[in-house]
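These notes concern the structure reproduced below.
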Amino acid sequence: MSKIKQLIQKLFSYSIIRFIFVGGIATTVNFSIYYPLVYINTNPTLAYLMAFTVSIICNYFLSSYFTFQVKPELKRALQFLGAHLINLGNELLILNVLIHSGVNKYYAPLLVLAIAFPLNFVIVRYALKGNFMLKVSKLFGINKATH
């Protein structure tokens, strides 16, 4: 086995590297939808939402099978969607703050990606591998005994 192949296998043994790789694919899908929509004068927030919707489907299956190596299930899909809706809220907030601060609408999503990445990794990891809903309920002080 060549040293390059060994290096690639070693790198992809880390979930963070697989997350970056899958995120790159999802980002490419997202931007390939966002930029043409913005170019034809679609509102940047609406364009971002439309691009997000398409990329999230691709991202879920790649994240399940490749990044975190879990079987796609309805519960995981719902947790993944919940995690990404939280991420989407964060990203839309950052996007609009950047645009209203004067950042060009074509460059703003790149900055959003850089700013939101660390939080996205943690949230998505818990959504697919941990008990995301339990973590969220604890964060907000909700426990099953009170229901």
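Basis for what follows: all heavy atoms, side chains included, without hydrogens, waters or symmetry-related copies.
- Heavy-atom contacts from other residues, nucleotides or ligands closer than 6.0 Å to CZ of F21 number 12 or fewer.
- Without hydrogens or angle criteria, S32 side chain to V29 main chain gives a donor-acceptor distance under 3.5 Å.
- Minimum heavy-atom separation, I33 to M50: CG2-C, 4.4 Å.
- Here the straight-line distance linking atom CD of Q69 with atom OG of S64 works out to 11.0 Å at 0.5 Å rounding.
- By the neighbour-count criterion of 12 heavy atoms within 6.0 Å, atom CD1 of I4 is sparsely surrounded, having that number or fewer from other residues, nucleotides or ligands.
- Using a 4.5 Å cut-off on side-chain heavy atoms (C-beta onward), Y60 and H84 make no contact.
- At least one donor-acceptor pair under 3.5 Å links the side chain of N96 to the backbone N or O of L92.
- Looking at residues two or more places apart in sequence or on another chain, you find a side-chain hydrogen bond (donor to acceptor under 3.5 Å, both in side chains) between S63 and N59.
- Note on ring orientation: taking the six-membered ring where Trp is involved, the planes of F68 and F19 are tilted (angle from 30° to 60°).
- Proximity of F117 to I20: side-chain heavy atoms (C-beta onward) are separated by under 4.5 Å at one or more points.
- Rounded to the nearest 0.5 angstrom, N87 CG and L81 CG are separated by 11.0 Å.
- Atom CG of L49 sits about 9.5 Å away from atom CG of L95, to the nearest 0.5 Å.
- Linking Ile, Leu, Val, Met, Phe, Trp and Tyr whenever their side-chain heavy atoms come within less than 4.5 Å leaves L113 and I17 in two separate clusters.
- Contact check for Y35 versus P109: side-chain heavy atoms found under the 4.5 Å cut-off.
- Within 6.0 Å of CZ on F12 lie more than 12 heavy atoms contributed by other residues, nucleotides or ligands.
- Side chains of V103 and V97 form no contact here, defined as non-hydrogen atoms less than 4.5 Å apart.
- With a 4.5 Å cut-off on side-chain heavy atoms, V38 and Y48 do not count as touching.
- A side-chain hydrogen bond (donor to acceptor under 3.5 Å, both in side chains) check over residues 102-117, counting only residues at least two apart or in different chains, returns nothing.
- Taking hydrophobic clusters as Ile, Leu, Val, Met, Phe, Trp and Tyr residues chained together by side-chain heavy-atom distances below 4.5 Å, I86 does not share a cluster with L93.
- No side-chain heavy atom of T27 sits under 4.5 Å from any side-chain heavy atom of S55.
- Closest heavy-atom contact between I99 and P44: CD1-CB, 3.9 Å.
- Taking both residues in full, the closest heavy atoms of L98 and A108 are given as CD1-O, 3.7 Å, listed atom of the first, atom of the second, then distance.
- Note on ring orientation: taking the six-membered ring where Trp is involved, the planes of Y34 and F31 are tilted (angle from 30° to 60°).
- Contact record, A116 with E91: CB-CG, 3.8 Å, taken as the closest heavy-atom pair.
- Summarising the geometry of S15 relative to T67, their closest heavy-atom pair is O-CG2, 3.7 Å, with the distance given to 0.1 Å.
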